**Student:** 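Right, I'll just put the structure down here and ask away after.
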Amino acid sequence: MPALRPPTTLARAFARRQLISRHVVRDVKPLVRSCSCSAPQQLQHSVKLQSQSISQNAQLNPTTSDPPTPPTDHRTLAQTHDLFITSPYSPGSPLLLPNGAYVFQKLQSFLRAQYPQFGYQEVITPTIYKKSLWEKSGHWENYAEDMFSVQGRGAGGQRENTEAGQDEEFGLKPMNCPGHCLLFANEIRSYRDLPVRLADFSALHRNEISGALSGLTRVRRFHQDDAHIFCRPDQILSEIGQTLRFVGMVYDTFGLGPYKLLLSTRPADHFIGTIEEWDKAEQQLTAALDNSGREWAVNEGDGAFYGPKIDIILKDSHGKEHQTATIQLDFQLPQRFDLQYQASPEELQTEPQFSGGLDASNRRPVIVHRAIYGSLERFMALLIEHYAGKYPFWLSPRPAIILSLNQEPNILKHVAHLQSVLSGLQSPRTSANAQPPNNDQMSKPIPQPLSTVHLPIDADTSARPLGKKIAEAQKKKYNHIIIVGSSEVQSQALKLEVVHQPNVEAAEQTLSEVLQRRIEEGEKKRGKLAVTINVQEARAYFETLVNKYL
């Protein structure tokens with residue numbers, strides 16, 4: 001854990017950083033103020049960074065100055081690849097098609113797989129809460145115009161024989177933090193229990209103005225990879241440092257970036273807490289950014305209403321900047337929700353008691369709000385444009401398609417067998433000539449293991465010429481094309497061609513490992529791989545691509 005510098009040293013460092021930033025930031029205009037763990041709002045102005053003031057050993061990460069070409073809009077690509085649609089019946093709430101849902105769920109599954117190593121526990125919280133909760137958190141005062149109000153039974157007035165508060169107005173949640181505060185407060189906490197890291201993929205709603213809605217980047221209903229870390233003050237720097245490492249690992253996996261780091265400070269108005277508390281929080285984030293060794297700049301006045309934040313900024317294919325990941329420090333909600341934990345002996349000796357009404361043996365935790373993707377919908381939009389339909393195999397909604405040479409019964413049977421095995425529905429060890437299950441077996445399905453890698457393997461057994469099938473598969477950007485004819489049926493094999501795998505070199509290495517031989521020059525044609533292998537080898541190759549995130 002990085003050493004926590006004395007407050008006076010931090011204050012001087014923060015003042016110095018502000019002075020430096022005023023020299024390195026050019027043409028900065030106030031950005032649209034975000035008010036949550038990851039506000040789905042587009043940044044309207046760029047923050048330009050000069051690297052001269054940064055150490056030569058620093059890891060620089062401004063967003064790219066050269067946007068990808070050609071600049072294809074994710075909404076156009078979504079139509080080509082059947083990812084999502086929108087409807088006037090629910091503006092700003094995309095409807096994900098099966099392909100889009102597959103990518104969305106892969107994004108969730110990827111983060112879920114990482115949570116154990118970073119100490120997160122996933123929770124599920126309600127979509128609506130009473131107005132009194134939002135008043136307690138400060139959202140009703142500072143964020144009400146961006147919330148959807150919900151009326152339940154009796155909301156029009158008091159009725160007879162109703163419980164207290166039953167007629168109260170409700171609000172759709174725009175963020176998860178109040179619910180997570182309720183969960184933290186549900187049990188007595190000791191200093192030994194902290195940090196507590198709660199993660200949540202719940203749907204959120206924000207009443208964005210209709211003219212600002214845009215595909216997946218600016219929506220009214222969305223999902224966050226939202227999490228809140230309840231920690232002791234002496235754990236802040238280590239938690240923020242670990243979160244920045246988490247961000248780096250995820251973005252490296254997807255090949256996104258380089259990205260830009262901004263420290264968003266106290267808004268001019270509409271904030272809760274004292275200026276002293278804000279200064280303390282900003283000093284902590286400043287120290288964490290300095291310790292990261294990455295280039296960063298101050299974004300004056302763009303903090304959330306409850307605390308300052310670190311925003312990660314990426315550009316889309318048109319060069320427009322978007323906030324994705326965010327890390328926010330919050331001293332306010334723990335006070336509003338009276339959150340507390342039993343203090344350590346060291347805290348009792350060295351830390352004064354600040355909050356009125358708090359037992360002398362207890363202390364307030366600090367909340368670190370964090371999101372790695374930010375809005376999953378926005379992150380999807382950036383990925384769609386970044387990959388332009390050529391997805392990594394593990395994320396691809398079209399990993400492979402099997403094409404039949406003709407419609408002979410034995411060929412169609414072999415295609416069905418290959419599709420079943422390669423998709424993960426049938427064991428590779430099962431022979432294509434195995435007897436079909438009887439009626440009793442079919443009435444008793446066997447549960448699939450949770451560890452099974454399921455893949456959406458498609459098949460085209462239509463009577464069209466093979467050339468047309470191949471051309472269509474190429475247009476739809478399938479990662480692999482598998483052709484089955486009489487020779488493949490006779491040899492119980494398949495002809496596998498790698499056509500739209502982003503990292504062909506990694507695919508070749510993986511194939512070589514699975515086949516335990518080098519790929520011959522004759523199997524490489526115009527930058528593509530084409531090998532004849534059996535179904536067991538093909539399934540092992542696919543599973544390896546998934547497990548290596550290739």
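Residue numbers run from 1 in the order of the sequence given. Bear in mind that the values here come from a model prediction, so they are computed numbers and not experimental data.
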**Student:** Could you check whether any side-chain heavy atom of Ile229 comes within less than 4.5 Å of a side-chain heavy atom of Thr243, counting everything from C-beta outward?
**Tutor:** yes

**Student:** Can you tell me how far CD1 of Ile367 sits from CD of Gln332, rounded to the nearest 0.5 angstrom?
**Tutor:** 10.0 Å

**Student:** Given the rule in the side chain to side chain contact (heavy atoms under 4.5 Å, CB included) test, do Lys260 and Trp296 qualify, once you have shown the distances and angles that lead to the verdict?
**Tutor:** CA-CA 7 Å; Lys260 182 185 298 179; Trp296 61 278; over 6 Å; no

**Student:** With the threshold set at 4.0 Å, does a side-chain nitrogen-carboxylate oxygen contact exist between Glu300 and Arg266?
**Tutor:** no

**Student:** Test your reading of the model: is there a side-chain donor-acceptor pair from Asn362 to the backbone of Leu358, 3.5 Å cut-off?
**Tutor:** no

**Student:** Taking all non-hydrogen atoms of both residues into account, name the closest pair between Ile85 and Leu97 and its distance.
**Tutor:** CG2-CD1, 4.1 Å

**Student:** Just checking, is any N or O donor in the side chain of His81 or Asn99 under 3.5 Å from an acceptor N or O on the other one?
**Tutor:** no

**Student:** Of the non-hydrogen atoms in Leu395 and Phe254, which two are nearest, and what is the gap between them?
**Tutor:** CD2-CE2, 4.0 Å

**Student:** In this structure, which one of His223, Arg221, Arg218 forms a side chain to side chain donor-acceptor pair (under 3.5 Å) with Glu377?
**Tutor:** His223

**Student:** Looking only at heavy atoms, what is the nearest atom pair of Leu194 and Cys231, with distance?
**Tutor:** CD2-C, 3.6 Å

**Student:** Does any part of the side chain of Asp311, heavy atoms only, come nearer than 4.5 Å to the side chain of Thr324, both counted from C-beta?
**Tutor:** no

**Student:** Could you tell me which residues satisfy side-chain hydrogen bond (donor to acceptor under 3.5 Å, both in side chains) with His74, sequence neighbours excluded, listed by chain and number?
**Tutor:** Glu385

**Student:** If only side-chain N and O atoms count, and only distance matters, is there a donor-acceptor pair under 3.5 Å linking Arg192 with Tyr341?
**Tutor:** no

**Student:** So, does Trp278 use its side chain to make a donor-acceptor pair with the main chain of Ile272 at under 3.5 Å?
**Tutor:** yes

**Student:** May I have all residue pairs that pass salt bridge (charged side-chain N to carboxylate O under 4.0 Å, His left out) and include part of residues 101-121, sequence neighbours excluded?
**Tutor:** Arg112-Glu122

**Student:** Quick check, are the ring centers of Trp140 and Phe305 under 6.0 angstrom apart?
**Tutor:** no

**Student:** Which heavy atom in Ala360 sits nearest to a heavy atom in Leu348, and how many Å separate them?
**Tutor:** O-CD2, 3.6 Å

**Student:** After noting the C-alpha distance and the side-chain angles of Thr125 and Lys173, does the key distance pass the side chain to side chain donor-acceptor pair (under 3.5 Å) rule?
**Tutor:** CA-CA 10 Å; Thr125 50; Lys173 69 176 178 183; 2.8 Å; yes

**Student:** Would His369 and Asp330 count as a side chain to side chain contact (heavy atoms under 4.5 Å, CB included) here? Give the steps.
**Tutor:** CA-CA 7 Å; His369 307 246; Asp330 185 357; 2.9 Å; yes

**Student:** For the CD atom on Gln117, are there more than 12 heavy atoms of other groups (residues, nucleotides or ligands in this structure) within a distance under 6.0 Å?
**Tutor:** yes

**Student:** Would you say the side chains of Ser396 and Tyr387 form a donor-acceptor pair under 3.5 Å?
**Tutor:** no

**Student:** With sequence neighbours left out, what residues match Glu239 under salt bridge (charged side-chain N to carboxylate O under 4.0 Å, His left out)?
**Tutor:** Arg197

**Student:** How about Phe230 and Val366: do any of their side-chain heavy atoms sit closer than 4.5 Å?
**Tutor:** no

**Student:** Would you call Phe379 and Leu216 a side-chain contact if the rule is heavy atoms closer than 4.5 Å?
**Tutor:** no

**Student:** Can you establish whether the number of heavy atoms outside Glu135 located under 6.0 Å from its atom CD is more than 12?
**Tutor:** yes

**Student:** Do Thr253 and Tyr251 have side-chain heavy atoms sitting under 4.5 Å apart?
**Tutor:** no

**Student:** Take the angle between the ring planes of Phe246 and Phe118 and call it parallel below 30°, perpendicular above 60°, tilted in between.
**Tutor:** parallel

**Student:** Atom CZ in Arg378, atom CG in Leu314: separation rounded to 0.5 Å?
**Tutor:** 10.0 Å

**Student:** Is the NZ or CZ atom of Arg364 both under 6.0 Å from the centre of the six-membered ring of Phe331 and within 45° of that ring's axis?
**Tutor:** no

**Student:** Considering only heavy atoms from C-beta outward, does the side chain of Leu183 approach that of Leu198 to under 4.5 Å?
**Tutor:** yes

**Student:** When rounded to the nearest 0.5 angstrom, what distance separates CD1 in Ile327 from CD1 in Ile312?
**Tutor:** 5.0 Å

**Student:** Are side-chain heavy atoms of Ser149 and Trp134 found at a separation under 4.5 Å?
**Tutor:** no

**Student:** Return the set of residues passing side chain to side chain contact (heavy atoms under 4.5 Å, CB included) with Ser210 (not counting sequence neighbours), or none when no residue passes.
**Tutor:** Arg220

**Student:** What's the spacing between Ser93 OG and His205 NE2 if we round to 0.5 Å?
**Tutor:** 5.5 Å

**Student:** Tell me whether Tyr549 contacts the main-chain N or O of Phe110 through its side chain, where contact means a donor paired with an acceptor under 3.5 Å.
**Tutor:** no

**Student:** Please name the pair of heavy atoms, one in Pro174 and one in Tyr143, separated by the smallest distance, quoted to 0.1 Å.
**Tutor:** CB-CE2, 3.6 Å

**Student:** With rounding to the nearest 0.5 Å, note down the distance linking CG in Leu96 to CG in Leu376.
**Tutor:** 10.0 Å

**Student:** Nearest heavy-atom pair of Leu133 and Pro178: which atoms, and what distance?
**Tutor:** CD2-CB, 3.8 Å

**Student:** Supply the atom-to-atom distance Glu208 CD to Asp146 CG, rounded to the nearest 0.5 angstrom.
**Tutor:** 6.5 Å

**Student:** Ser344: which residues meet the side chain to side chain contact (heavy atoms under 4.5 Å, CB included) condition with it, sequence neighbours left out?
**Tutor:** Tyr191, Glu346, Glu347

**Student:** One pair to check against side chain to side chain contact (heavy atoms under 4.5 Å, CB included): Cys177 and Leu333. What are the steps and the verdict?
**Tutor:** CA-CA 8 Å; Cys177 32; Leu333 286 182; 3.9 Å; yes

**Student:** Does a donor on one side chain and an acceptor on the other come within less than 3.5 Å for His228 and Asn176?
**Tutor:** no

**Student:** Where the side chain of Asp193 meets the backbone of Arg189, is there a donor-acceptor pair that is under 3.5 Å apart?
**Tutor:** no

**Student:** Dump the intermediate steps for side chain to side chain contact (heavy atoms under 4.5 Å, CB included) on Ile384 and Leu83, then the final yes or no.
**Tutor:** CA-CA 9 Å; Ile384 291 168; Leu83 299 176; 3.6 Å; yes

**Student:** Does Asp225 come within less than 4.0 Å of Arg370, counting only side-chain N to carboxylate O?
**Tutor:** yes

**Student:** Please confirm whether the backbone N or O of Asp302 pairs with a side-chain atom of Asn299, one donor and one acceptor, at under 3.5 Å?
**Tutor:** no

**Student:** Would you say Ile240 and Leu285 make side-chain contact, with heavy atoms under 4.5 Å?
**Tutor:** yes

**Student:** Under the side chain to side chain contact (heavy atoms under 4.5 Å, CB included) test, which residues partner Lys136, sequence neighbours left out?
**Tutor:** Phe337

